[in-house]
There are 2 protein chains.
Amino acid sequence: MSKPKQVTIVDVAEEAGVSIATVSNVLNRGGIRSSKETIRKVEQAAERLGYRRNTMAAGLSRNKTYEIGLIVPGLNGYYGQLAEHLQVEAHNRGYHLSVFSSGGFDPEIERRNLEVLQQRRVDGLICHGLAMGFESTRSIVNSGTPLVLINGWDWPEDIAIGAVNLGFASACEQSVKLLLERGCRTLCYVSSKRSKAIDEQRHIGFIRGMERYGNGINYEVADAKDLDVDVFLRKMREGHPAPIGIVAFDDHVALRLICGTLRLGIELPEEMKIVGINNDYIAEHSYPGLTSWDIPYTFQAQMAIDKLLSKLSNQQAAEQDEREINVPLTLIERHTTNALKGGVNEHVAKGN
Amino acid sequence: MSKPKQVTIVDVAEEAGVSIATVSNVLNRGGIRSSKETIRKVEQAAERLGYRRNTMAAGLSRNKTYEIGLIVPGLNGYYGQLAEHLQVEAHNRGYHLSVFSSGGFDPEIERRNLEVLQQRRVDGLICHGLAMGFESTRSIVNSGTPLVLINGWDWPEDIAIGAVNLGFASACEQSVKLLLERGCRTLCYVSSKRSKAIDEQRHIGFIRGMERYGNGINYEVADAKDLDVDVFLRKMREGHPAPIGIVAFDDHVALRLICGTLRLGIELPEEMKIVGINNDYIAEHSYPGLTSWDIPYTFQAQMAIDKLLSKLSNQQAAEQDEREINVPLTLIERHTTNALKGGVNEHVAKGN
DNA sequence: CTGTTAGCGCCTTCAA
DNA sequence: TTGAAGGCGCTAACAG
């Protein structure tokens, strides 16, 4: 019942009264042209029989799968969006994207996923950062599968053929600048250490901003994990010159902070200003509206796929590409940094 | 460079000084046992050569892929979580889950995804609802691939072998009951029609709640899309007896409403009470904390995978299963329905 | 317990 | 333009 005798090209050939080679030609948009007549016969036969090409057999025989493996740390928020866009782009280019989540940043699961993907003989790999070390990665990947990194900073050349990185660092740097321009006299970065490299970039950007624009102003860094928001906010308000400016790891963290200010009756943006990252649903719909950095998903996805595919076809030629592509974010300013006249809900730029 | 001569079992056999059949036996956890000695030799040889089994070849030859296809409307929020959990469960059972998003509820993309999955000869399919009609689905799936539905209500028996449905209807019904118990004198369901069947279930539940517990009380239904929250809330407050109770399609919609009340200075929960669904990050961290329904992801994922796999092995025997499994949600009450004494941030039950 | 031998379904020269 | 034949890498009987 469950496997009712697959229809193969043999059946189609028979039905159409031609050879299997002909069927194969006709069905795979001919590298070789056939007579109108044959084409029609074959297509009709295939249609009639409900023929469906067997991907495995095809892949096996031509030693190419048209499959790309993706490993991301999860499927929520940014990662989910990214995966979805990559999937679309891959499809557009005739590839299938196999999505794997490595559940947080678990190196063990990463390993396993990589292994599975390799066994499937994917044509290429796209990985979002990678929790496991350079060494492990090298040994796994150096078997020849091209690898493009997303948000992978400073990886050795011999492992990845390139990276497409979001400009988190400069976004954070600019956040600092913005907050200072808006009059903040104390700044704080609320980090999320469990996000590894991503967090590191933001941290770097924050520090750089302070160094460049801070003029020796006071700043702090706190980690979102296990952070008691109320205690934190109270301490910030009491111990430091106002207004306070906060760069949040992302919009989720920012939401917690915003809610804290509401709870404690801290005036936003007068006493405190917040900027997030991601320009999530949250940023647009929270109250007050959250200033945040918008991510060009489509662009990043295209870059990544392009880079991989060009490597796949051009063998070497693609070396010319700069190894790392930097994808800049766009600031969407809302009420948490800027009291607009017309009403608390207006945007400087339209959100998402 | 890119495809450095795959290592095959032939190479391993050679290196180990045995036949390829032996290698195959040893490597695929023996249906047939071999001598300790041979096992060691083969494993070492494989290790030394960096052998990696070719999934396609294996699948082709045994006519079984150990791959399960998943089609969900997206990868954000609930869907992403679900996909992730399904992936884990599938892995635990030795299967690979191929995740496809059909970008909203686009029937065209769905078709294409289904087609691709079939061409890969997946052993089974798990689909979250399905935007395309019964007919299309039937014609695509009736070729023999077992299909389990998730949140697919009322599908014809001949298409799917069963469904694992979240109890949205009764959750909403209970939401109504709760709101009435908390003293609401007007109720409203804020829907999200673009979510099709899911929304329908919630609507049904809401209506049923009103019929059962409403005692002829006034109620309304509004759709979240293009909804001007402020106008809506103002109208609700002015035109109807307070307090107002709102059942939101999900926590995202609820967030918009909560922010609206903050903007307009409506007292929560005194003048208005809100309950969401999903128990998202938002629910836990919004201010005031949002009463919501928690989803047993792991359980639902297990049920779905179990159902599919049992169908795969037991051929017919599994018929005994009830066709539809109902997965109940759990209420997490927070401040939007219940002014707790100790402080606005306490929970009746611990969130997520 | 190990080796031999057919395929699995398709693609790809190479002739015809 | 079409057909015949040899593999792709692995598994599954069946012999030894």
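Each chain gets a letter, A, B and so on, in the order the sequences are listed, and its residues count up from 1. Computed from heavy atoms alone, side chains included, the values below leave out hydrogens, waters and symmetry copies.
- Between the two ends of the helix from C/dC1-D/dG16 to C/dA16-D/dT1, each summarised by a five-pair axis, the helix axis turns through 30° (rounded to 10 degrees).
- In this structure a side-chain-to-backbone donor-acceptor pair under 3.5 Å is present from A/Asn113 to A/Ser101.
- Summarising the geometry, the separation between CZ on A/Arg120 and C1' on D/dC10 is reported as 15 Å, rounded to the nearest angstrom.
- B/Leu27 places its CG atom 15 Å from the C1' atom of C/dT2, with the value rounded to the nearest Å.
- Partners of A/Glu157 according to the side chain to side chain donor-acceptor pair (under 3.5 Å) rule, which considers only residues two or more places apart in sequence or in another chain, are A/Arg323.
- Residue B/Thr38 places none of its side-chain N or O atoms closer than 4.0 Å to OP1 or OP2 of C/dC1.
- Taking the charged nitrogens against the carboxylate oxygens, B/Glu43 and B/Arg48 have no contact shorter than 4.0 Å, which rules out a salt bridge.
- Residue-level contact check: A/Val18 touches the backbone only, with heavy atoms under 4.0 Å from sugar-phosphate atoms and none from bases.
- No donor-acceptor pair closer than 3.5 Å links the side chain of B/Gln119 to the backbone N or O of A/Thr55.
- For the OP1/OP2 pair of D/dG3 and a distance below 4.0 Å, the side-chain nitrogens and oxygens of A/Thr22 include at least one atom meeting the criterion.
- The distance from atom CD of A/Gln119 to atom P of D/dG9 is 15 Å, rounded to the nearest whole Å.
- Just one residue in the list B/Ile71, B/Val327, B/Leu86 forms a side chain to side chain contact (heavy atoms under 4.5 Å, CB included) with B/Ile150, and that residue is B/Leu86.
- In terms of modelled atom types and a separation under 3.5 Å, the side chain of B/Asn151 and the main chain of B/Leu166 share a donor-acceptor contact.
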Letter per nucleotide, 5' to 3', of nucleotides 6-16 of chain C [B base touched, S only sugar-phosphate touched, - untouched; heavy atoms, 4.0 Å]: -BBBBBB----
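- Heavy atoms of other residues, nucleotides or ligands lying less than 6.0 angstrom from CD of A/Glu47 number 12 at most.
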Derivation and outcome, salt bridge (charged side-chain N to carboxylate O under 4.0 Å, His left out), residues B/Glu115 and A/Arg52: CA-CA 8 Å; B/Glu115 185 62 33; A/Arg52 208 142 20 198; 3.2 Å; yes
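- Close to C/dC1, at under 4.0 Å from its OP1 or OP2, lies no side-chain N or O of B/Ser34.
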